[in-house]
Amino acid sequence: QVQVAESGGGLVQAGGSLRLSCTVSGSPNGLRAMAWFRQAPGKEREDVSCISWNRRITYYAASVQGRFTISRDNEKNTLELHMNSLVPEDTAMYYCAAAVYGACTKDGTKPYGQYNFRGQGTQVTVSS
């Protein structure tokens, strides 16, 4: 059974940095797109960033462009999100997702619900 586990969330002051990690275990075959989504209290889940299996395609939401960096290790089936210059508006539950098809393009990503494997999330709280 494939499992997705996020880690690295926490409380940080505005202007600070965090690194989120995600591991996909259970011998997933043919992982292609991987992505980060987030959901703030009272708001809908939104996409943050995604990356193609060969790393040639990355996408960032406008709100995080230039501050966040996504990366992946295909041998370890891991995904990371380096978050810099955090602001209180980045406060949310962050979710990792993986797909066995090309769900990530330079213009965006398929919705969270269309990813094959999804995690339980890790909380990021940015204080002002």
Any side-chain heavy atom of [X] sitting closer than 4.5 Å to one from [Y]?
X	Y	result
Gln123	Leu11	no
Tyr60	Val48	no
Cys96	Val4	yes
Thr78	Val24	no

In Å and rounded to the nearest 0.5 Å, what is the [atom1] to [atom2] distance from [X] to [Y]?
X	Y	atom1	atom2	result
Ser25	Lys76	OG	NZ	15.0 Å
Trp53	Asn74	CH2	CG	7.5 Å
Met34	Arg55	CE	CZ	11.0 Å
Ser49	Leu81	OG	CG	6.0 Å
Gln114	Asn116	CD	CG	10.0 Å
Ile70	Met83	CD1	CE	11.5 Å

How far apart are the closest heavy atoms of [X] and [Y], and which atoms are they?
X	Y	answer
Ala97	Arg118	CB-CG, 4.2 Å
Ala98	Leu31	CB-CD2, 3.8 Å
His82	Glu80	NE2-OE1, 3.0 Å
Ala33	Cys104	CB-N, 3.6 Å
Cys50	Thr109	SG-CB, 3.7 Å

- Message: Would you say the ring centers of Tyr95 and Phe37 fall short of 6.0 Å from each other?
- Response: no
Check whether [X] and [Y] end up in the same hydrophobic cluster, where Ile, Leu, Val, Met, Phe, Trp and Tyr are linked by side-chain heavy atoms less than 4.5 Å apart.
X	Y	answer
Tyr112	Met93	yes
Phe68	Val124	yes
Tyr59	Ile57	no
Trp36	Val100	yes
Val64	Leu79	yes

- Audit row: Asp107, Thr105, side-chain hydrogen bond (donor to acceptor under 3.5 Å, both in side chains) steps and yes/no: CA-CA 5 Å; Asp107 297 319; Thr105 73; 4.8 Å; no
- Message: Does either side chain, that of Ser17 or that of Asn84, offer a donor lying less than 3.5 Å from an acceptor on the other one?
- Response: yes
- Task: Would you please say whether a donor-acceptor pair under 3.5 Å links the side chains of Tyr101 and Arg32?
- Result: no
- Query: What do you reckon, is CZ of Arg19 surrounded by more than 12 foreign heavy atoms closer than 6.0 Å?
  - Reply: no
- Task: Might you confirm whether atom CD of Gln120 has over 12 heavy atoms from other residues, nucleotides or ligands at distances under 6.0 Å?
- Result: no
- Task: Just do the side chain to side chain contact (heavy atoms under 4.5 Å, CB included) check on Leu18 and Leu86 with the steps written out, would you?
- Result: CA-CA 8 Å; Leu18 277 176; Leu86 286 162; 4.1 Å; yes
- Message: Please identify which of these residues, Glu6, Glu44, Glu46, meets the salt bridge (charged side-chain N to carboxylate O under 4.0 Å, His left out) condition with Arg38.
- Response: Glu46
- Message: Looking at Ala40, is its backbone amide N or carbonyl O close enough to the side chain of Arg45 to form a donor-acceptor pair, meaning the two atoms are under 3.5 Å apart?
- Response: no
